[in-house]
Amino acid sequence: MDYLTGVGALREDVAALVGELLSTDDPARAAGLTGLIESAVAPVSGGLADDTPAVVTAVVAGLPRTGAASRPEALLLLSQIVGSIEASGSQPAAEAGRLVEGALPMIGALIETGTEAEIAQGVDLMSMASTLSRPAAEQAVFHLSRIAATADGQIKASAEREIDEVRRGLADGRAD
């Protein structure tokens, strides 16, 4: 993150929040930080901040080292950013989408072996990311299928529902 703040791609206050999110062992603090970061980069008023791609870069880079208390919230933050991309239509939104799409293989590998909370958030993220492009939708189906094959209960049911929805989107051309 030092590089991202050093080149002006990431505001220092947002970098501090992201750094704390990725390192906290307190789930309640992680949830609070996620809300603060989301407010800074994907405000309710619409659009995405110029430093959203840097936030995506920092969160994705930090995921492998992030603990179980923070990883579900980091995945939630990525889902919330992806959810704001289509409505924004800005250059930062397009760049954030490309970054998330490029990270899907790594994110998929992490969530397939994650905790129940990580897998649940990962299912949501894969579903949201499937709207980015046809290749992202195809990757989402792959990872969701792997989750559905090994999970049980609500997570299995959720993954199977999302697979069906993403496949419908692919068939209807919504992911193009």
Side-chain angles (χ1 to χ4, degrees), residues 1-112 114-115 117-133 135-137 139-140 143-144 162 175:
M1 276 190 289
D2 291 340
Y3 171 77
L4 294 169
T5 56
V7 297
L10 182 59
R11 291 172 282 168
E12 288 187 23
D13 59 328
V14 177
L17 294 170
V18 171
E20 188 176 349
L21 170 64
L22 297 175
S23 63
T24 187
D25 292 329
D26 179 0
R29 181 66 182 146
L33 289 162
T34 297
L36 292 171
I37 299 165
E38 180 187 9
S39 294
V41 298
V44 175
S45 60
L48 289 173
D50 289 345
D51 57 353
T52 303
V55 168
V56 170
T57 297
V59 170
V60 167
L63 278 174
R65 294 181 310 278
T66 301
S70 298
R71 192 175 290 146
E73 290 296 327
L75 293 167
L76 173 62
L77 177 61
L78 292 175
S79 295
Q80 292 166 330
I81 289 170
V82 170
S84 298
I85 287 173
E86 188 174 335
S88 176
S90 65
Q91 188 280 328
E95 180 63 18
R98 282 190 294 276
L99 291 165
V100 169
E101 184 174 347
L104 287 179
M106 186 272 297
I107 293 169
L110 278 174
I111 64 175
E112 287 174 23
T115 66
E118 292 167 1
I119 296 169
Q121 281 300 338
V123 167
D124 290 344
L125 176 56
M126 287 292 163
S127 176
M128 297 291 291
S130 72
T131 64
L132 295 171
S133 69
Q139 281 190 56
H143 292 293
L144 290 167
E162 295 304 332

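Predicted model only: the values in this text are computed from it and were never measured.
- You'll find the side chain of L48 stays beyond 4.5 Å of the side chain of E95, heavy atoms only.
- The number of heavy-atom neighbours closer than 6.0 Å to CG of D124, taken from other residues, nucleotides and ligands shown, is above 12.
- Considering CD of E38 and CG of L78, their distance stands at 11.5 Å, rounded to 0.5 Å.
- Taking both residues in full, the closest heavy atoms of M106 and P64 are given as SD-CG, 4.1 Å, listed atom of the first, atom of the second, then distance.
- No side-chain heavy atom of L104 sits less than 4.5 Å from a side-chain heavy atom of L132.
- Shortest non-hydrogen contact noted between A140 and S130 is CB-CB, 3.9 Å.
- The minimum heavy-atom distance between T52 and A96, with the atom names listed, is CG2-CB, 4.0 Å.
- Side-chain atoms of R71 do not come within 3.5 Å of backbone N or O of G114 as any donor-acceptor pair.
- Just one residue in the list L99, I37, L76, V55 forms a side chain to side chain contact (heavy atoms under 4.5 Å, CB included) with I81, and that residue is V55.
- A distance of 8.0 Å separates CD of E112 from CE of M126, quoted to the nearest 0.5 Å.
- Remark: A30 engages L21, T24, S70, E73 in a side chain to side chain contact (heavy atoms under 4.5 Å, CB included) (not counting sequence neighbours).
- Between P43 and G47 the shortest heavy-atom distance is CD-O, 3.7 Å.
- A distance-only check finds no donor-acceptor pair linking the side chain of S127 to the backbone of V123 [under 3.5 Å].
- Q80 is listed as a side-chain neighbour of T34, based on a closest heavy-atom distance under 4.5 Å.
- Rounded to the nearest 0.5 angstrom, I119 CD1 and L144 CG are separated by 11.5 Å.
- The shortest heavy-atom contact between R11 and A40 is NH2-O, 3.0 Å.
- Two residues are said to be in side-chain contact when any heavy atoms from C-beta on lie closer than 4.5 Å; L77 and L33 fail this criterion.
- Between I85 and A93, the shortest heavy-atom contact is CG2-O, 3.7 Å.
- For the pair E101 and R98, the salt-bridge criterion is not met [side-chain N within less than 4.0 Å of a carboxylate O].
- Rounding to the nearest 0.5 Å places OG of S23 at 10.0 Å from CZ of R29.
- Distance check: H143 NE2 to L110 CG gives 10.5 Å after rounding to the nearest 0.5 Å.
- Between the CG atom in L10 and the OG1 atom in T57 there is a gap of 9.0 Å [rounded to 0.5 Å].
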